[in-house]
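One structure is given here, and the rest of the page talks about it.
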Amino acid sequence: MKKFRTILTGISKKSLFLRKFIRKAVYLFRLWRYKLRGAGRKIDDKLIVFSCFTGKKYADSPRALYEYMVNSDEYKDYKFVWTFVNPQNYSFLLENRNTTIVKQASRECEIAFATAKYWVCNHRAAVHRYPSKKQVFIQTWHGTPLKRLGLDIERSNNEIYTLDEQNKKYIIDAKKFTYFLSPSAFASEKFVSAFALKELGKENIIVEEGYPRNDFLLNYTDEDVARIKQHLGLPEGKKVILYAPTWRDNQHQVGTGYVYKTEVDFDRLQRELGDGYVILFRAHYFISNTFNFDKYNGFIYNVSALDDINELYIVSDLLITDYSSVFFDYAILRRPIVYFMYDFELYKNEMRGFYIDLKELPGPIVQEEDALIQQIKKLSADFSYDEVYQKFNQKFNYLDDGNASKRVAERLIK
């Protein structure tokens, strides 16, 4: 089946007509199957289904909301279902009260979506799943956007979808949402625009209460830091750098998915920084290729498989990223950030473009290896939470106070 799917993907990339035909056929089959599986079943007012990054992770705001509710007496009568691509990896959740796990896209998963009063997801819904009028779809999303989204994208080098196809998918999604979580007025404005919420008469679905996932960044303990460092096997006495680059729309391989080529000279970084630093490498969840860092054993730790990036934030002394939105959340910790934008002109002019003036970013932008190493050393020795950094948090993170999960649950789960 996988080989057949790979062949179809390869052919459809070369033919827009065939791609549309295949997608339409698959959509109709899945829609028919979904309706059949849900036929005659009643909506359970106290059932909530959670999904994070299309079933690939147990993390983000769905996790934060779930953990708040499963530990609160107010929701002791509620039942919780988690969907995962590999449910066997999350059997520990079965120890929690009223919790079930199902395999993504399975019959049990489809029935859960068809009967749950509430859907809590941080990603776009499967195209064939439509909530009924009695259901509530809480879209938590997964970050303040730096890169343009949805209908705000003016040009695209996406290997899988044309710009028109992408726009239609965002509009279809928007019609499904009951609520859309937002961490700030800035993000709200961009979500309304990107998903055409105003044109659809749905701008009032925005819920500005801060991001539940960021509660952990304000409530973690020293014991949490020690536990995570021990789990990762990090050495004592060395500074920890988190390197979290994003994916590129135009880097896709048939049969593999989106891929990423590391443009950092890790040999040089090890020579320059190996005595005093370790690097945690975190690939975006879209990226399907693997990375072999065996030659950098003890210096580079591939933590791409770790579910919750929050755990990496709190053990890191410095963040390196490019165009990923991770820096918005990391800024809550008031720690140094460096932006390694080696392909800046290409990304800006030929791919998505940006929502904000990069002068607002709390930290230096570099495009060459020399400057990257220089800034790592400089910020490690002398970092200050300056005026630019303060203004950044005042604009983008002012709602994050450690209690967003409570506010969102009380407001939306009734």
Side-chain angles (χ1 to χ4, degrees), residues 53 60-62 121-125 137-158 161 163-214 244 246-249 284-286 321-332 337 339 341 344 347-362 365 388 391-400 404 407-408 412:
F53 295 124
D60 215 79
S61 290
C121 306
N122 76 332
H123 54 87
R124 295 161 61 187
F137 185 172
I138 301 172
Q139 172 57 259
T140 72
W141 204 239
H142 47 268
T144 299
L146 168 67
K147 301 167 289 189
R148 290 181 177 272
L149 294 173
L151 277 74
D152 292 339
I153 299 176
E154 298 173 350
R155 55 191 176 278
S156 175
N157 279 352
N158 193 292
Y161 297 102
L163 195 56
D164 182 59
E165 287 175 319
Q166 290 183 79
N167 290 345
K168 288 180 179 178
K169 285 173 69 68
Y170 272 84
I171 290 175
I172 290 171
D173 277 344
K175 290 179 179 179
K176 300 177 183 181
F177 303 150
T178 311
Y179 300 109
F180 198 121
L181 300 194
S182 170
S184 66
F186 168 86
S188 297
E189 178 184 285
K190 307 312 174 191
F191 293 146
V192 168
S193 177
F195 287 89
L197 296 182
K198 186 174 182 180
E199 290 79 359
L200 294 173
K202 301 189 69 171
E203 60 264 59
N204 62 337
I205 71 172
I206 295 291
V207 177
E208 268 181 38
E209 294 287 3
Y211 268 149
R213 70 182 187 182
N214 289 340
T246 193
W247 60 294
R248 270 66 175 168
D249 302 63
H284 189 280
Y285 79 97
F286 267 10
T321 187
D322 44 22
Y323 318 104
S324 171
S325 64
V326 294
F327 65 86
F328 285 100
D329 298 337
Y330 192 79
I332 293 171
I337 305 171
Y339 307 87
M341 299 181 176
F344 174 75
Y347 201 95
K348 177 184 177 183
N349 297 323
E350 296 187 27
M351 283 187 254
R352 295 206 203 176
F354 308 116
Y355 276 126
I356 69 175
D357 188 335
L358 298 190
K359 293 179 181 178
E360 294 184 71
L361 300 186
I365 297 173
V388 174
K391 286 183 177 180
F392 181 86
N393 273 333
Q394 289 166 6
K395 180 176 180 178
F396 299 106
N397 295 322
Y398 61 93
L399 289 173
D400 289 310
R407 289 195 299 272
V408 170
L412 304 186

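Worth knowing before you read on, the calculation uses all heavy atoms, side chains too, and leaves out hydrogens, waters and symmetry mates.
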So do [Y] and [X] actually touch side chain to side chain, heavy atoms under 4.5 Å?
{"X": "Lys147", "Y": "Tyr355", "value": "no"}
{"X": "Phe186", "Y": "Ile356", "value": "yes"}
{"X": "Leu181", "Y": "Asn122", "value": "no"}
{"X": "Asp322", "Y": "Tyr339", "value": "no"}
{"X": "Val207", "Y": "Ile138", "value": "no"}
{"X": "Gln139", "Y": "Asp173", "value": "no"}
{"X": "Phe396", "Y": "Pro183", "value": "no"}

*Would you sort out whether Leu149 and Phe191 count as a side-chain contact (heavy atoms from CB on, under 4.5 Å), showing the intermediate values?*
CA-CA 8 Å; Leu149 294 173; Phe191 293 146; 4.1 Å; yes
[X] side-chain N/O to [Y] backbone N/O, donor-acceptor pair under 3.5 Å:
{"X": "Tyr323", "Y": "Phe344", "value": "yes"}
{"X": "Lys202", "Y": "Lys175", "value": "yes"}
{"X": "Lys169", "Y": "Arg124", "value": "no"}

Can you see which heavy atom on [X] is nearest to which on [Y], and at what distance?
{"X": "Asn393", "Y": "Ala331", "value": "ND2-O, 3.1 Å"}
{"X": "Ala174", "Y": "Phe195", "value": "CB-O, 3.3 Å"}
{"X": "Arg213", "Y": "His142", "value": "NH1-O, 3.1 Å"}
{"X": "Phe53", "Y": "His123", "value": "N-CD2, 3.3 Å"}
{"X": "Val408", "Y": "Pro212", "value": "CG2-CG, 4.1 Å"}
{"X": "Glu360", "Y": "Val388", "value": "O-CG1, 3.9 Å"}

Can you tell me how far [atom2] of [Y] sits from [atom1] of [X], rounded to the nearest 0.5 angstrom?
{"X": "Thr321", "Y": "Met341", "atom1": "OG1", "atom2": "CE", "value": "7.5 Å"}
{"X": "Phe327", "Y": "Leu361", "atom1": "CZ", "atom2": "CG", "value": "5.0 Å"}
{"X": "Asp60", "Y": "Thr140", "atom1": "CG", "atom2": "OG1", "value": "5.5 Å"}
{"X": "Ser182", "Y": "Trp141", "atom1": "OG", "atom2": "CH2", "value": "12.5 Å"}
{"X": "Glu208", "Y": "Arg407", "atom1": "CD", "atom2": "CZ", "value": "11.5 Å"}
{"X": "Ile171", "Y": "Leu151", "atom1": "CD1", "atom2": "CG", "value": "5.0 Å"}

*Could you check Leu146 against Leu358 for side-chain contact (heavy atoms from CB on, under 4.5 Å), going step by step and ending with a plain yes or no?*
CA-CA 9 Å; Leu146 168 67; Leu358 298 190; 4.0 Å; yes
_Side chains of Ser193 and Asp152 only: does a donor on one sit below 3.5 Å from an acceptor on the other?_
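Yes, because at least one side-chain N or O of Ser193 sits under 3.5 Å from a partner of the opposite role on Asp152.
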*Is the number of heavy atoms from other residues, nucleotides or ligands under 6.0 Å of Lys395 NZ greater than 12?*
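Enclosed: over 12 neighbouring heavy atoms sit under 6.0 Å from NZ of Lys395.
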*With a 6.0 Å cut-off on ring centres, are Phe328 and Phe392 close enough?*
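When the ring centroids of Phe328 and Phe392 are compared, they turn out to be within the sub-6.0 Å range.
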